[in-house]
Amino acid sequence: MDSQSVKADATATFGSRGFDAGKKINGRKRHLLTDTLGLLLAVLVTPASVTDRDGARSPLPQAAGRFRRLARVWADGGYTGHLTDWTSQHLGLVLDIVRRDEGVRGFQALPRRWVVERSFAWFLRSRRLVRDYERRTDTSEAVIRWSMIALMSRRLAAQSGRPAVLTAG
């Protein structure tokens, strides 16, 4: 599980935008939960001012109810604190926090965390998701789901030997 802050277009309503002080972005935050292959399990779009811990309280119960075999979730340091206890007590899930090595500067591929980061990169191949252009957050979530459907359709078509018809973007 991870989140991504993106700039929101002027069409996005003022109440659905916020300021992410850590990344210095005025816009929205996409909270994403993927499986070990990087396929979408749950998504939530919030104002960028919502912390990772608070943003995870909605997609985690949805995924736990929908995917019975879900037992462990890997997340970054933004999810530390009371969320780990809440997840184990209320959902029966283990929330593992994957931390960066303290002495390393710059980019470092972290175990299991790179999977969700790769999913964000897949979404950014859809031009419509580079910035949040939608007025409502539920529409933004639908565009993310649509992008994943288009990605999977292209993959399935490539495996069957037929040309892919769907285009994202």
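Position 1 is the first residue of the sequence, and the numbers go up from there.
Ion pairing of Glu141 with Arg30 is absent here, as no side-chain N (NZ or NE/NH1/NH2) approaches a carboxylate O to less than 4.0 Å. The residues Arg72 and Asp96 are annotated as salt-bridged, a charged nitrogen and a carboxylate oxygen being separated by less than 4.0 angstrom.
Counting non-hydrogen atoms of neighbouring residues, nucleotides and ligands closer than 6.0 angstrom, the CZ atom of Arg155 exceeds 12 such neighbours. The 12-atom threshold is not exceeded at CZ of Arg136, counting heavy atoms of other residues, nucleotides or ligands nearer than 6.0 Å.
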Between Thr84 and Thr87, does a side chain to side chain donor-acceptor pair (under 3.5 Å) hold up when you go through it step by step?
CA-CA 5 Å; Thr84 55; Thr87 304; over 6 Å; no
Can His90 and Trp86 be said to form a ring pair (Phe, Tyr, Trp, His ring centres under 6.0 Å), step by step?
CA-CA 6 Å; His90 296 307; Trp86 180 84; 5.7 Å; yes
Check the pair Asp76, Val98 against side-chain contact (heavy atoms from CB on, under 4.5 Å), reporting the backbone distance first and the verdict last.
CA-CA 5 Å; Asp76 70 350; Val98 180; over 6 Å; no
Report the C-alpha separation of Thr139 and Val45 in whole Å, then their side-chain angles, then the decisive distance to 0.1 Å, and conclude whether the side-chain contact (heavy atoms from CB on, under 4.5 Å) test is met.
CA-CA 9 Å; Thr139 306; Val45 177; over 6 Å; no
For Asn26 and Lys7: C-alpha separation, side-chain torsions, deciding distance, then whether side-chain contact (heavy atoms from CB on, under 4.5 Å) applies.
CA-CA 6 Å; Asn26 184 9; Lys7 292 180 181 179; over 6 Å; no
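By the rule that hydrophobic residues join a cluster once side-chain heavy atoms approach within less than 4.5 Å of another member, Val6 and Phe120 end up as members of separate clusters. When hydrophobic clusters are built by joining Ile, Leu, Val, Met, Phe, Trp and Tyr residues whose side-chain heavy atoms come closer than 4.5 Å, directly or via intermediates, Val143 is grouped together with Trp122. Placement of Leu151 and Leu37 within a single hydrophobic cluster is found when ILVMFWY residues are connected by side-chain heavy-atom separations under 4.5 Å, directly or transitively. Grouping the Ile, Leu, Val, Met, Phe, Trp and Tyr side chains by contacts below 4.5 angstrom, directly or via other members, places Trp146 with Leu40. Hydrophobic clustering keeps Val73 apart from Leu32 (ILVMFWY residues linked when any side-chain heavy atoms are closer than 4.5 Å, directly or through intermediates).
Two residues are said to be in side-chain contact when any heavy atoms from C-beta on lie closer than 4.5 Å; Thr46 and Asp54 fail this criterion. In this structure, Thr34 and Val115 have side chains that are in contact, with non-hydrogen atoms separated by less than 4.5 Å. Using a 4.5 Å heavy-atom cutoff, the side chains of Leu93 and Leu70 are in contact. Looking at Asp9 and Asp132, their side chains never come closer than 4.5 Å, going by heavy atoms from C-beta outward.
There is no side-chain donor-acceptor pair under 3.5 Å between Ser140 and Arg28.
Here the closest non-hydrogen pair linking Leu33 and Ala63 is CD2-CB, 3.3 Å. Annotation for Leu44 and Gly55: closest pair CD2-O, 3.4 Å, computed over non-hydrogen atoms. Counting all heavy atoms, side chain and backbone alike, Thr11 lies closest to Arg135 at O-CG, 3.4 Å. Contact record, Ser126 with Ser147: OG-OG, 2.9 Å, taken as the closest heavy-atom pair. Across Arg17 and Ala8, no two heavy atoms sit closer than the pair CD-CB, 3.3 Å. Between Ile97 and Thr80 the shortest heavy-atom distance is CG2-CG2, 3.6 Å.
Not counting sequence neighbours, Arg69 has no partner by the salt bridge (charged side-chain N to carboxylate O under 4.0 Å, His left out) test.
Sorted by first and then second residue, the pairs that involve residues 40-52 and meet salt bridge (charged side-chain N to carboxylate O under 4.0 Å, His left out), not counting sequence neighbours, are Lys29-Asp52.
The OG atom of Ser5 sits 3.5 Å away from atom CG of Asp20, with the distance rounded to the nearest 0.5 Å. Once rounded to the nearest 0.5 Å, the distance linking OH of Tyr79 with CE of Met1 reads 4.5 Å. With rounding to the nearest 0.5 angstrom, the CG atom of Leu91 is 9.0 Å from the CZ atom of Arg57. With values rounded to the nearest 0.5 angstrom, Gln4 atom CD is found 9.0 Å from Phe123 atom CZ. Considering CG of Leu83 and CZ of Arg53, their distance stands at 8.0 Å, rounded to 0.5 Å. In this structure, Glu117 CD and Asp2 CG are separated by 4.5 Å, a value rounded to the nearest 0.5 Å.
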